[in-house]
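Contents: one structure, followed by commentary.
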Amino acid sequence: MIKTDILIIGAGPTGLFTVFEAGLLKLKCHLIDALPQAGGQCSEIYPKKPIYDIPAYPEILAGDLTEKLLEQCKQFEPGFTLGERAETIEKQDDGTFVVTTNKGTQHQAPVVAIAGGLGSFEPRKPLIDNISSFEDKGVEYFIKDPEIYRNKRVVIAGGGDSALDWSIFLSDIASEVTLIHRRNEFRGALDSVDKVQELKNSGKINLITPAEVINVIGHTKVEGVVVHQSKNINEESILECDHFVPLFGLSPKLGPIANWGLEIEKNAIVVNNALDYQTNIPGIFAIGDVNTYPGKLKLILCGFHEATLMCQAAYKIINPGKRYVLKYTTVSGIDGFDGTRKEAPKAVVKKIE
Ligand SMILES: Cc1cc2nc3c(=O)[nH]c(=O)nc-3n(C[C@H](O)[C@H](O)[C@H](O)COP(=O)(O)OP(=O)(O)OC[C@H]3O[C@@H](n4cnc5c(N)ncnc54)[C@H](O)[C@@H]3O)c2cc1C
């Protein structure tokens with residue numbers, strides 16, 4: 001059981017900034033995210049796009065913003081459960097909540113902050129009847145740890161950036177990489193398409209287009225896939241492999257959170273924005289893109305604001321009766337959980353003559 005003060009569901013920009021604001025109040029956080037990396041939409045959908053409305057950054061790439069947020073919250077030592085979806089929540093007799101993921105990992109906290117954005121990004125799965133029986137037995141929809149493909153035979157399916165980039169990356173790690181796409185044209189970046197073509201010419205990637213994987217074969221794990229080549233209507237062949245990785249993109253879904261008894265309006269969680277972004281269940285907050293209230297704007301800076309106010313309310317739940325006096329970080333400095341102290345600079349007093 002992982003125990004923490006604030007359990008944050010969603011490691012997007014809102015969730016990451018919550019760790020910093022909670023840390024200032026000496027509250028510890030643990031984050032769960034269905035994706036294998038932090039950053040939410042910023043790292044999953046548009047890491048290379050510049051953002052222009054982050055205060056004090058005239059321009060910053062979404063991927064770089066994620067790096068900065070991770071750097072800022074690192075001193076407060078957050079825990080992460082990545083690549084797992086928060087599935088169920090149960091209130092305990094002592095008033096805490098236990099959240100269990102789809103992989104069975106359990107987390108316990110007195111406060112839950114749902115920073116789930118558009119919802120958990122679910123992989124778009126190919127329409128192959130038996131595919132679910134091979135999940136985690138050689139079929140993966142995300143690449144979490146490229147090392148598991150070392151010296152293995154990997155078949156990747158898809159025509160976007162993920163399929164192209166991972167084929168390129170794994171060509172140096174796997175013993176064999178085959179990229180299968182149902183069209184001859186790819187949707188990904190042109191330089192990635194050129195690179196795949198180069199690797200095909202040098203024999204480091206097998207490229208099969210236009211074609212589709214129509215079946216997965218194996219006993220206890222993946223041993224091969226059946227490939228249907230669209231050019232020759234009835235041509236089906238078996239390709240032996242250890243892993244089949246369909247990378248058809250991700251679609252966001254509010255998912256299991258929708259069944260937690262929270263008040264939902266148009267796929268978003270209704271919160272009390274006049275006070276602290278608490279939901280209809282005391283102790284459960286919803287911040288960032290996932291919530292709704294009159295005048296709501298789905299912007300990163302709004303998520304940061306909501307996280308800040310929510311942490312103040314969480315402090316009162318976790319430390320009942322204790323008064324908190326807001327101190328500016330410019331005055332108090334920041335104490336990291338590792339004992340390091342970032343001193344606030346000495347005040348410069350300007351004498352007015
Ligand atoms: C192309 C594009 C451009 C944009 N440009 C801008 C811009 O210029 N300026 C701006 O302010 N905003 C912009 N946005 C919007 C901005 O990205 C969002 O407002 C922001 O990402 C919201 O952050 P969040 O942390 O609330 O949610 P998200 O970034 O969506 O992160 C939520 C995380 O929660 C996880 N999650 C959800 N449910 C679960 C669950 N049950 N279990 C585990 N994990 C779960 C998801 O996997 C996800 O990683 C843009 C969005 C897009 C798509």
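Here, residue 1 is the first one in the sequence, and each next residue gets the next number. First listed ligand is number 1; within each ligand, the first listed atom is number 1. Model, not experiment: these values are computed from the prediction.
- Using a 3.5 Å distance cut-off with no hydrogens or angles, the side chains of E212 and Q229 do not pair a donor with an acceptor.
- Within the 4.0 Å heavy-atom criterion, neither part of V290 lies near ligand 1.
- Under 4.0 Å from ligand 1, the heavy atoms of E84 that appear belong solely to its backbone.
- From the protein, the heavy atom lying nearest to atom 9 (N) of ligand 1 is D53 OD1, 2.9 Å.
- The nearest protein atom to atom 27 (O) of ligand 1, hydrogens excluded, is given as G117 CA, 3.2 Å; this is a heavy-atom distance.
- For ligand 1, the atoms sitting less than 4.0 Å from at least one non-hydrogen atom of R85 are 40 (C), 41 (N), 42 (N), 43 (C), numbered in the order shown with element in parentheses.
- Near L118, the atoms of ligand 1 lying under 4.0 angstrom from a non-hydrogen atom of the residue are 30 (O).
- With sequence neighbours excluded, no residue satisfies ring pair (Phe, Tyr, Trp, His ring centres under 6.0 Å) with F97.
- Of the protein's heavy atoms, D33 OD2, 3.4 Å lies nearest to atom 48 (C) of ligand 1.
- A donor-acceptor contact closer than 3.5 angstrom links the side chains of N291 and K296.
- Taking distance alone, with nitrogen or oxygen atoms compared against 3.5 Å, A86 approaches ligand 1 more closely than that limit.
- Summarising the hydrophobic clusters (Ile, Leu, Val, Met, Phe, Trp, Tyr; side-chain heavy atoms under 4.5 Å, direct or chained), the residues clustered with I205 are I143, I148, Y149, V154, I156, L164, W166, I168, F169, L170, I173, V177, L179, F186, V193, V196, L199, L207, V245, L247.
- Ligand 1 lies nowhere less than 4.0 angstrom from a heavy atom belonging to G255.
- Heavy-atom proximity to I51, at under 4.0 Å, picks out these atoms of ligand 1: 7 (C), 8 (O), 9 (N).
- Between T14 and ligand 1, a contact under 3.5 Å exists for at least one N or O pair.
- Only side-chain heavy atoms of I257 come within less than 4.0 Å of ligand 1; its backbone N, CA, C and O stay farther off.
- In summary, of the residues considered (I32, V111, I89, I2), a side chain to side chain contact (heavy atoms under 4.5 Å, CB included) with L7 occurs for I32 alone.
- Residue, atom and distance of the protein heavy atom nearest to atom 45 (C) of ligand 1 are S120 CB, 3.8 Å.
- The backbone N or O of I284 lies less than 3.5 Å from a partner atom in the side chain of T279, making a donor-acceptor pair.
- Residue contact annotation: P13 has a non-hydrogen atom under 4.0 Å from ligand 1.
- Shown in contact with G10 at under 4.0 Å from a heavy atom are these atoms of ligand 1, numbered in order with element: 33 (C), 34 (O), 35 (C).
- Checking only distances, D289 does come within under 3.5 Å of ligand 1, N or O to N or O.
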> Is there a salt bridge (Lys or Arg N to Asp or Glu O under 4.0 Å) between R85 and D33 once you walk through the steps?
Replying inline: CA-CA 6 Å; R85 191 182 55 230; D33 205 299; over 6 Å; no
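- Nearest to atom 30 (O) of ligand 1 among the protein's heavy atoms is Q41 NE2, 2.8 Å.
- A donor-acceptor contact closer than 3.5 angstrom is absent between the side chains of E87 and T100.
- Remark: ligand 1 atoms within the under-4.0 Å shell around heavy atoms of I9 are 39 (C), 40 (C), 42 (N).
- Listed by atom number, the atoms of ligand 1 under 4.0 Å from K298 heavy atoms are 19 (O).
- Of all the atoms in ligand 1, the ones that sit under 4.0 Å from a non-hydrogen atom of I32 are 43 (C), 44 (N).
- Within the 3.5 Å criterion, the main-chain N or O of Q108 finds no donor-acceptor partner in the side chain of T96.
- Of the listed options Y52, Y46, F17, Y46 places a heavy atom closest to atom 52 (C) of ligand 1.
- When atom types are taken as modelled, the side chain of N272 and the backbone of Y277 share no donor-acceptor pair closer than 3.5 angstrom.
- Atoms CG and CD, on N280 and E263 in that order, are 5.5 Å from each other to the nearest 0.5 Å.
- Within a 6.0 Å radius of NZ in K137, no more than 12 heavy atoms belonging to other residues, nucleotides or ligands are found.
- For the residue pair Y293 and E306, a side-chain donor N or O sits within less than 3.5 Å of a side-chain acceptor on the partner.
- Distances between N or O atoms of A34 and those of ligand 1 include at least one value under 3.5 Å.
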> Going through the distances and angles, do F244 and F134 end up as a ring pair (Phe, Tyr, Trp, His ring centres under 6.0 Å)?
Replying inline: CA-CA 9 Å; F244 172 45; F134 289 101; 9.8 Å; no
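- Residue I300 has at least one heavy-atom neighbour below 4.0 Å for each of these atoms of ligand 1: 10 (C), 11 (O), 12 (N), 16 (C), 19 (O), 20 (C).
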